[in-house]
Protein chains: 2
Amino acid sequence: MQAPKLEFWYDFASTYAYLSALRIKELAARAGVDIIYKPFLLGPIFREQGWNTSPFNIYPAKGRYMVRDIERLTAERGLHFRLPDRFPQNSLAAARLALATEEAGCIAAFTHAVFVAEFAEGQDISNTDCLSALVAQLTRTVGLDPAKLLARSVDPAIKDRLKVQSADAVSFGLFGSPSFRASDGELFWGDDRLEQALTWAQTAGRGTNQSAP
Amino acid sequence: MQAPKLEFWYDFASTYAYLSALRIKELAARAGVDIIYKPFLLGPIFREQGWNTSPFNIYPAKGRYMVRDIERLTAERGLHFRLPDRFPQNSLAAARLALATEEAGCIAAFTHAVFVAEFAEGQDISNTDCLSALVAQLTRTVGLDPAKLLARSVDPAIKDRLKVQSADAVSFGLFGSPSFRASDGELFWGDDRLEQALTWAQTAGRGTNQSAP
């Protein structure tokens, strides 16, 4: 029998996606669930709602709380946290690169590396030098040509795939990052729902999940 | 030694506050923490942010998701859930009554009863008949005069206390419901943080909590 699947939808600019990215591999392995990495862009979704930046900037009390919340959660989990000087970061280049690494079979490792650089080290992931260094490190491990991967990430085919993936997200009602989507379409939002999403995914294919009471 | 305290801030219109209201008594007792009930009004805070209704109405994808999320969580916890026909409900009269029941020493029971009527039974808590019935039931149990309690709830002193309490909430950065606040000022938002808030409260008075890493 094929392992059940769960889609992990994330924008690289999202602090809460950082929390999930650093634990999803281990939790999914324990649950026997395969993760499908789905980078997408929240910016266009936010703009549709009339927001030109993160709601954490538009609503300062919520933004201050988010930082404190992430500080507490990362401390509990033994993770570093450093908010980059500019928040949110422009995640376009990283998302395109992620799709290129998916073709190369290493999107999980790349996604992990980007989130660590951004939120554990406070690096600027819109910066080409930062991304090149991450790619160089990754390709050394898996034996790929970094220049080819970087070139592929700006190929029109990849650019289109990211647009299509982000439009898909809108079409099934995605509105935040991270989100998780089971094979029956069930949607979960937020790092707080990762465990629940994995449990759901385990039975989604067998049609045995409880619907609303 | 006095038991540690945790403030429970809630707007009666909030679905996630329903989740917390139905489990906070038991969890707090187990943690040895005293809960201080703090009804307040989110409406003025939302209006400050340019919202004239719940964000769950302004952003429909988020609203649909919230309903599904509450359906799943209530099913897991063995609770009923029925969204009232009108959402959000006007929570002003219920909040004032809650402050009157606080004076009478029964705010915990009243708060529980309002949330059950609203979100388990789908009743309209802005309706005077609904509130009168809840008060009648409550006062039968604790031996109070329901007419006096209802009259007290529209006394200028109670109206002012609710205004002051809601202004207090803004002053320490509260932006959503439910929220929890420890005696050292540490703020937690959302039913998902109730356990973390109780753990924090247990040591807040002793100054031994971890600050940011």
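A note on names: the letters A, B, ... follow the listed sequences, proteins ahead of strands, and every chain is numbered from 1. Side chains are part of it too, since the values below use all heavy atoms of this structure and drop only hydrogens, waters and symmetry mates. It should be emphasised that the depicted structure is a prediction, and the values quoted were computed from it without experimental measurement.
What you find for B:Gly173 and A:Ala61 is that their closest heavy atoms are O-CB, 3.7 Å.
For the pair A:Arg68 and B:Phe188, the NZ or CZ position fails the cation-pi test of under 6.0 Å to the six-membered ring centre and within 45 degrees of the ring normal.
You'll find the side chain of B:Thr199 stays beyond 4.5 Å of the side chain of A:Glu76, heavy atoms only. Side chains of A:Leu73 and B:Arg193 form a contact here, defined as non-hydrogen atoms less than 4.5 Å apart.
Counted within 6.0 Å of NZ on A:Lys5, heavy atoms from surrounding residues, nucleotides or ligands total more than 12; the atom is thus considered enclosed. Annotation for A:Gln137: atom CD does not count as buried by contact number, only 12 or fewer foreign heavy atoms lying within 6.0 Å.
Atoms CG and CD, on B:Asp69 and A:Gln196 in that order, are 6.5 Å from each other to the nearest 0.5 Å.
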Quick one, B:Tyr59 with A:Phe175, criterion ring pair (Phe, Tyr, Trp, His ring centres under 6.0 Å). Give me CA distance, side-chain angles, the key distance, then yes/no. CA-CA 9 Å; B:Tyr59 309 112; A:Phe175 59 89; 9.3 Å; no
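Under a 3.5 Å cut-off, the side chain of A:Tyr65 and the backbone N or O of B:Trp189 do form a donor-acceptor pair.
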